[in-house]
Novice: 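Pasting a structure below so you can have a look.
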Protein chains: 2
Amino acid sequence: MVVRQDGPDTMDDAEVDRIFQALADATRRDVVVRVMREGESVTALARRYAMSFAAVQRHVAVLERAGLVRKERHGREQIVRGDVTTVRAATRLLEEYEEIWRGRVTRMETLLAEPEGEVP
Amino acid sequence: MVVRQDGPDTMDDAEVDRIFQALADATRRDVVVRVMREGESVTALARRYAMSFAAVQRHVAVLERAGLVRKERHGREQIVRGDVTTVRAATRLLEEYEEIWRGRVTRMETLLAEPEGEVP
DNA sequence: GTAACGTACAACAACATGGTTGTACGTCAG
DNA sequence: CTGACGTACAACCATGTTGTTGTACGTTAC
């Protein structure tokens, strides 16, 4: 997740894509839940699932690219920890959708100012 | 989204997969935002994006399978409207992740009761 | 009735995803 | 030093996704 000048937690489309894409898999969501509670090494995580180590390692890589987890090296182990700020950013985005529905438009208003604009 | 006996808004993995998968595309998120504010026909939506009608129609179908939008037929037009309850369900799920991080474990506790359990 | 409109879907190509196995390499234990 | 451990990544395959065009069919306007 990148914090930019135009807001405290604005993300571009590609970042949001990666976050939701990463969350669109049950194994990855399970990993997030576990490491959100307490860090765990990649190997320890891999033991939990009925798939190869390489598969789990790649799931972790997907979560890392999305910013949902971070890895911290401790000797030969890589400790995976959940990054709550990215989860919060995603939550906020969905909360904005709810607010639009409610009629209370937030900064999304700017995006929708041009009712006939064409978006590529 | 299916409401089951074990909770007021519990979803199975496949449903959550579909929701986040649907949200993992900028065009689809834009459609959600627009129809959350006000219903719009599929053709009207299609005019907004630089892609074929068929492509937009399929994006809407993905959103519909995920339960994020519903279609309502009016004559020969199909009016697409956002379904806020599904957005709320996704928001709640992410909020639970934040709560786990905070150390306040909710019903997720059951899922993590077995610290050495293997999940397929 | 007929033409235009709005929608749906099939078939196709290009690319992404999610699993596998195998290899490589740094780190720790003995 | 050497073997075992933990990690990373490439190659490969099956499947799914996202765009395209073309066709079909019900509904509305005239």
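Residue numbers start from 1 in every chain, and the chains themselves are labelled A, B, ... in the order their sequence lines are given, proteins ahead of strands.
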Novice: If the condition is salt bridge (charged side-chain N to carboxylate O under 4.0 Å, His left out), which residues does R70(A) pass it with, not counting sequence neighbours?
Specialist: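 Result, salt bridge (charged side-chain N to carboxylate O under 4.0 Å, His left out) vs R70(A): none returned.
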Novice: Could you verify whether a donor N or O on one side chain and an acceptor N or O on the other, from Q57(B) and H59(B), lie under 3.5 Å apart?
Specialist: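 Per modelled atom types, Q57(B) and H59(B) side chains form no pair under 3.5 Å.
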Novice: Could you tell me whether the side chain of Y97(B) reaches within less than 4.5 Å of the side chain of L23(A), counting heavy atoms only?
Specialist: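 Counting from C-beta outward, L23(A) and Y97(B) do come under 4.5 Å.
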Novice: Going by an N to O cut-off under 4.0 Å, is there a salt bridge joining D17(B) and R29(A)?
Specialist: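 Yes, charged N to carboxylate O under 4.0 Å.
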Novice: In whole angstroms, how far is the P atom of dT17(D) from the CG atom of L63(B)?
Specialist: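 One finds 13 Å between P of dT17(D) and CG of L63(B), rounded.
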Novice: Please report the C-alpha distance between R48(A) and E40(A) in whole Å, then the side-chain angles of each, then the deciding distance to 0.1 Å, and finally whether the salt bridge (charged side-chain N to carboxylate O under 4.0 Å, His left out) criterion is met.
Specialist: CA-CA 11 Å; R48(A) 297 185 177 282; E40(A) 208 163 338; 2.8 Å; yes
Novice: List the protein contact pattern of nucleotides 4-26 of chain C with one symbol per nucleotide (5' to 3'): B for base contact, S for sugar-phosphate-only contact, - for none; contact means a heavy-atom distance under 4.0 Å.
Specialist: BBSBBB--------BBBB-----
Novice: Could you give the CG-to-P distance, from L45(A) to dG6(D), as a whole number of Å?
Specialist: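 Atom CG in L45(A) sits about 13 Å away from atom P in dG6(D).
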